[in-house]
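Sharing a structure here in structure tokens format.
One is the number of the first residue; the rest follow in order along the sequence. Whatever order the structure lists ligands and atoms in, that order sets their numbers, starting from 1.
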Amino acid sequence: MLSSIVVLASGSGSNLQSIIEHARQGHIKAEIAAVVSDNPDAMALVRARTAGIDSVLIRQSDYASREMWELALSQKVSEYRPALVVLAGFMRVLSEQFIMRFEKRVMNIHPSLLPAYRGLNTHQRVIDAGDSEHGATVHFVTSRLDDGPIVMQSRVQVLPGDDAEELARRVLEQEHVIYPEAIRQFIEGEISFDNPACC
Ligand code: GAR
């Protein structure tokens, strides 16, 4: 039986789409069992439905507290018994309780060369700093923001005249390559939290 993956996404879901294509083509030997979002307007939910994947909305405003929302989220994710939980533009920080429940099985992609530029607006911050290099990082998740063992990075040159939008576009192109590859390596047992094989 194929391992199952659950993807959490808040936005456009272009990384999700790339993962869906790689699974469809057999590069990732796993079933994307569900896509869960905190955002009713997330294009990621539409992409999931179009691909015939369970799409689930769990929004915080439907719960009395952040803790109750996160508990509902982790219970839903658990139902799918995922081998891996994939954060693909999921714009919420998850608590230690959530991370512990899926210990060593949560992966994230972040648009910077971590440990540089944790947090938001990474592209503009790279331009403002005058850096010549930028990129994306796939890492295992801990309860610290944009932290945890690094699995893979891809570098992008910052070109004269780049604005944040153009830089984001080129970084995203790289994300679509490295994230499916990192997931493939995890599913095939080539890497793990304790053996991330990078950096
Ligand atoms: C991606 O650039 C991803 O790296 C970033 O959100 C974007 C989602 O795009 N994630 C973070 O900033 C997490 N800290 P997508 O919805 O098109 O995949």
(message) Using a 4.0 Å cutoff against the non-hydrogen atoms of D146, which atoms of ligand 1 qualify?
(response)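 Under 4.0 Å from D146, ligand 1 has these atoms: 14 (N).
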(request) Before signing off on this row, confirm whether S12 and ligand 1 have an N or O atom pair separated by under 3.5 Å. (result)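 Between S12 and ligand 1, an N or O pair is found under 3.5 Å apart.
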(message) I need the nearest protein heavy-atom contact for atom 15 (P) of ligand 1: residue, atom name and distance, please.
(response)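 Going atom by atom, the protein heavy atom closest to atom 15 (P) of ligand 1 ends up being S14 N, 3.4 Å.
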(message) To check your reading of the model: name the closest protein heavy atom to atom 16 (O) of ligand 1, its residue, and the distance in Å.
(response)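 Here the closest protein heavy atom is G13 N, 2.8 Å.
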(request) Could you tell me whether L172 approaches ligand 1 through its side chain, its backbone, both or neither, with non-hydrogen atoms closer than 4.0 Å? (result)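 Side chain only; the backbone of L172 stays clear of ligand 1.
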(request) Report yes or no: do V6 and F102 belong to one cluster of Ile/Leu/Val/Met/Phe/Trp/Tyr joined by side chain heavy-atom distances under 4.5 Å? (result)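 They do share one cluster, since a chain of ILVMFWY contacts under 4.5 Å joins V6 to F102.
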(message) Under the criterion salt bridge (Lys or Arg N to Asp or Glu O under 4.0 Å), I'd like the reasoning laid out for E70 against R66: C-alpha separation, chi angles, the key distance, then a yes or no.
(response) CA-CA 6 Å; E70 204 192 65; R66 193 200 173 284; 3.3 Å; yes
(message) Is there a side-chain hydrogen bond (donor to acceptor under 3.5 Å, both in side chains) between E181 and Q185? Walk through the geometry before answering.
(response) CA-CA 6 Å; E181 173 58 12; Q185 290 184 8; 2.8 Å; yes
(message) Between R170 and E173 (salt bridge meaning N to carboxylate O under 4.0 Å), is one present in this structure?
(response)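 Not counted as a salt bridge, because no side-chain N and carboxylate O are separated by less than 4.0 Å.
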(message) So if I apply the side-chain contact (heavy atoms from CB on, under 4.5 Å) rule between S37 and each of V7, L16, L45, which one comes out positive?
(response)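 Exactly one candidate clears the test, L45.
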(request) Consider ligand 1: state whether an atom of it lies below 4.0 angstrom from any non-hydrogen atom of M91. (result)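 A heavy atom of M91 does come that close to ligand 1.
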(message) Checking a contact table here: which protein heavy atom is nearest atom 10 (N) of ligand 1, and how many Å away?
(response)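 It is I109 O, 3.6 Å.
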(request) Return yes when P111 approaches ligand 1 closer than 4.0 angstrom through a heavy atom, no otherwise. (result)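 A heavy atom of P111 does come that close to ligand 1.
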(message) Between H110 and H139, is there a side-chain donor-acceptor contact under 3.5 Å, judged purely by atom types and distance?
(response)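 There is no such pair (donor and acceptor under 3.5 Å, judged by atom type) between the side chains of H139 and H110.
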(request) Look at the side chain of S4 and the backbone N and O of Y80, then say whether any donor-acceptor pair between them is shorter than 3.5 Å. (result)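 Here the side-chain-to-backbone pair exists.
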(message) Counting only heavy atoms from other residues, nucleotides and ligands, does the tally under 6.0 Å from CD of E165 exceed 12?
(response)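 Counting neighbours around CD of E165, 12 or fewer heavy atoms of other residues, nucleotides or ligands fall under 6.0 Å, so no.
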(message) Once you restrict to heavy atoms under 4.0 Å, what part of T122 touches ligand 1? Side chain, backbone, both or neither.
(response)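 For T122, there is no contact with ligand 1 at all, from either part.
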(message) Using a 6.0 Å cut-off, check whether atom CZ of R144 has over 12 heavy atoms from anything other than its own residue.
(response)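 Open.
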(request) Could you tell me whether G89 and ligand 1 have an N or O pair separated by under 3.5 Å? (result)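 For ligand 1, there is no N or O atom that lies under 3.5 Å from one belonging to G89.
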(message) Could you identify the single nearest non-hydrogen protein atom to atom 14 (N) of ligand 1 and state the distance to 0.1 Å?
(response)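 Minimum-distance protein heavy atom for atom 14 (N) of ligand 1 reads H110 ND1, 3.1 Å.
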(request) Could you tell me whether M43 approaches ligand 1 through its side chain, its backbone, both or neither, with non-hydrogen atoms closer than 4.0 Å? (result)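 The answer is neither.
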(message) Return the closest protein heavy atom for atom 1 (C) of ligand 1 as residue, atom name and distance.
(response)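 Result: E175 OE1, 3.1 Å.
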